[in-house]
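Just so it is clear: chains get the letters A, B, ... in the order the sequence lines come, proteins before strands, and each one is counted from 1. Source: prediction; values computed, not measured.
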Protein chains: 2
Amino acid sequence: MAKKSMAEAQLMLGNQLCFAIYSTAHAFNRVYKPLLDRLGLTYPQYLVMLVLWERDGIAVKEIGERLFLDSGTLTPLLKRLEAAHLIRRTRSSEDERQVLIALSAQGHALKEKARKVPAAILSASGCSIGELSSLRKNLVTLRDQLNAAVGE
Amino acid sequence: MAKKSMAEAQLMLGNQLCFAIYSTAHAFNRVYKPLLDRLGLTYPQYLVMLVLWERDGIAVKEIGERLFLDSGTLTPLLKRLEAAHLIRRTRSSEDERQVLIALSAQGHALKEKARKVPAAILSASGCSIGELSSLRKNLVTLRDQLNAAVGE
DNA sequence: CGCAATTGTATTGCGCGCAATCTAATTGAC
DNA sequence: GTCAATTAGATTGCGCGCAATACAATTGCG
C-alpha cells in the first residue's frame, strides 16, 4: 500500500523534474522574447548567432553538434538568417557536402546590440551568480547523462 | 582586463544556464520518446494526461494554468487526444464558454501502462532521488521568479 | 580502380508553442 | 434591463524540433 502510493506520487506532475525543466525553459523563452524581438531574432536563432560570434566560417554540422540540433531544424533556420542578411551560406570547396556559415557585416554588427541581453536575463532570474552556476553545472551533468542513456 | 573578461564571463552565465535548460529539456524529450511511443503519446500529451489522472472533468483553462500553456496549443492537442479516444470534450452546461475534459475508459486505463515510465526516466538520469528533488526545487523557484519578472 | 558504405545537407510531414485575432457567453456598471 | 467589458475557446500563421527519407559527395575496402 505504501508502495502503491509511492508509484502514484511519481506520476504526479508537481513531483516531476522533467516538467520543472520544461516549464522553466518556456519561462526563459518568455523573458528572452521581448529582448530578442529588438534584435529580430528568435531564441534558437540567437543560439546560432552566439556560436557564430565565437567563431564563424564553420559547417552546419558543427553548429548542430554544439546546439544538439539536426539539419531538419538548422537548414530552414539558417535560410531565414540568410534572408535577414545576417549570414552567408557557401558550399565548401574542399568538401562539397559541407555548407559553411559565415557572418555578414550586419551579423557581426548585431553582436554589439546583443551585449546587453545577458545582464537583463541575469536580473530577471533574481538569483545570485553562485546559485545559477551550480544549477547550470548540475543540469549539464544531467543532460550529458541523459544523452548517454539514449545512445545506450 | 582580467576584471572585464570576468564580468563578461559572468554576464554570459544567464545565457549558459538558459542553454543548459534548453538542451536538457531536449535530452529529456529524447529519453521519453521511446517510452511514450508505446503509450501513443507525445510528451505534451503525457503532461495533459498526468493532470487528468490526478483529477479530470476540469476545464481547458485549468489544464492551461497548470502546464503554462494556452488554448492555441491545447485546443488541437486535446482534439488529437479525443480522436485517440482517450478523453471526451463537452461544453459545460453551467458556463457554455467552458469545455470540460473527461477521461474515457481507455484514458483511465492508460494510467496503468504509464506507471513504469517514471522509474525508467529515473534510471536514465543516473541521479539519486535526492539530487533530482533538489534540482527540481531550484528550477521551480527560478521558473516562478522568471514568470514574475515577465508579468512585471 | 570499382563499388559499397558513410557522411553532410536538404526535404517532407507532423506536433507543438505562442502571438494575434475572432466568436460566443458571461459579468458588471449604470 | 442594457450595453460595454471581460472571459473561455477556437483559429490562423509562423518557427522550431525531429523522424524519415532522399541525394550527392566522399571514404574505404577489396
Atom [atom1] of [X] to atom [atom2] of [N]: distance rounded to whole Å?
X     : N      : atom1 : atom2 : answer
B:E96 : C:dA25 : CD    : P     : 7 Å
A:R97 : C:dT6  : CZ    : P     : 13 Å
A:K61 : C:dT7  : NZ    : P     : 8 Å
A:D70 : C:dA10 : CG    : P     : 12 Å

**Request:** Classify the ring geometry between A:Y43 and B:Y22 as parallel (under 30°), tilted (30 to 60°) or perpendicular (over 60°).
**Result:**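 Because their plane-to-plane angle is over 60°, the rings of A:Y43 and B:Y22 count as perpendicular.
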From B:L52 atom CG to B:H108 atom NE2, the distance as rounded to the nearest 0.5 Å |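 Those atoms lie 9.0 Å apart.
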**Request:** Have a look at A:L74 and say if it touches a base, only the backbone sugar-phosphate, or nothing, with a 4.0 Å heavy-atom cut-off.
**Result:**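 Contact class for A:L74: none.
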task: Mind checking B:T42 for me? I need base, sugar-phosphate or nothing, with any heavy atom below 4.0 Å counting as a touch.
output: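 The residue B:T42 makes sugar-phosphate contact but no base contact.
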inquiry  = Heavy-atom count check: over 12 atoms from other residues, nucleotides or ligands less than 6.0 Å from B:E112 CD?
reply    =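 Enclosed.
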With a 4.0 Å cut-off, would you call B:R55 and B:E62 a salt bridge?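 Looking at B:E62 together with B:R55, the answer is yes, because their closest N to O distance falls below 4.0 Å.
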**Prompt:** Going 5' to 3' along DNA chain D, which nucleotides are the first and last within contact of chain A (any atom under 4.0 Å from a heavy atom)?
**Reply:**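 The footprint of chain A covers D:dG15 to D:dT26.
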- Message: Strictly below 4.0 Å: does A:R89 bring a side-chain N or O up to OP1 or OP2 of C:dA10?
- Response: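 Looking at the OP1 and OP2 atoms of C:dA10, one of them is under 4.0 Å from a side-chain N or O of A:R89.
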Nearest nucleotide by nearest heavy atom, which residue falls closer to the 5' end of DNA chain C, A:E62 or A:N29?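 Result: A:E62.
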- Pick the nucleotide of DNA chain D nearest each of A:L69 and A:E94; which residue has the one closer to the 5' end?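 Final value for this comparison: A:L69.
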Problem set entry | Pairwise 5' ranking along DNA chain D for A:R80 and A:D95, keeping only the more 5' one |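 The residue mapped nearer the 5' terminus is A:R80.
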Under the salt bridge (charged side-chain N to carboxylate O under 4.0 Å, His left out) definition, can you give me all pairs with a residue in residues 135-150 of chain A, not counting sequence neighbours?
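For residues 135-150 of chain A, and leaving out neighbouring residues, there are no salt bridge (charged side-chain N to carboxylate O under 4.0 Å, His left out) pairs at all.
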Tell me which donor-acceptor pairs under 3.5 Å the side chains of residues 68-78 of chain B have, and how far apart each pair is, sequence neighbours excluded?
unit_1: B:D70; atom_1: OD1; unit_2: B:G72; atom_2: N; d: 3.2
unit_1: B:D70; atom_1: OD1; unit_2: B:T73; atom_2: N; d: 3.3
unit_1: B:T75; atom_1: OG1; unit_2: B:S71; atom_2: O; d: 3.0

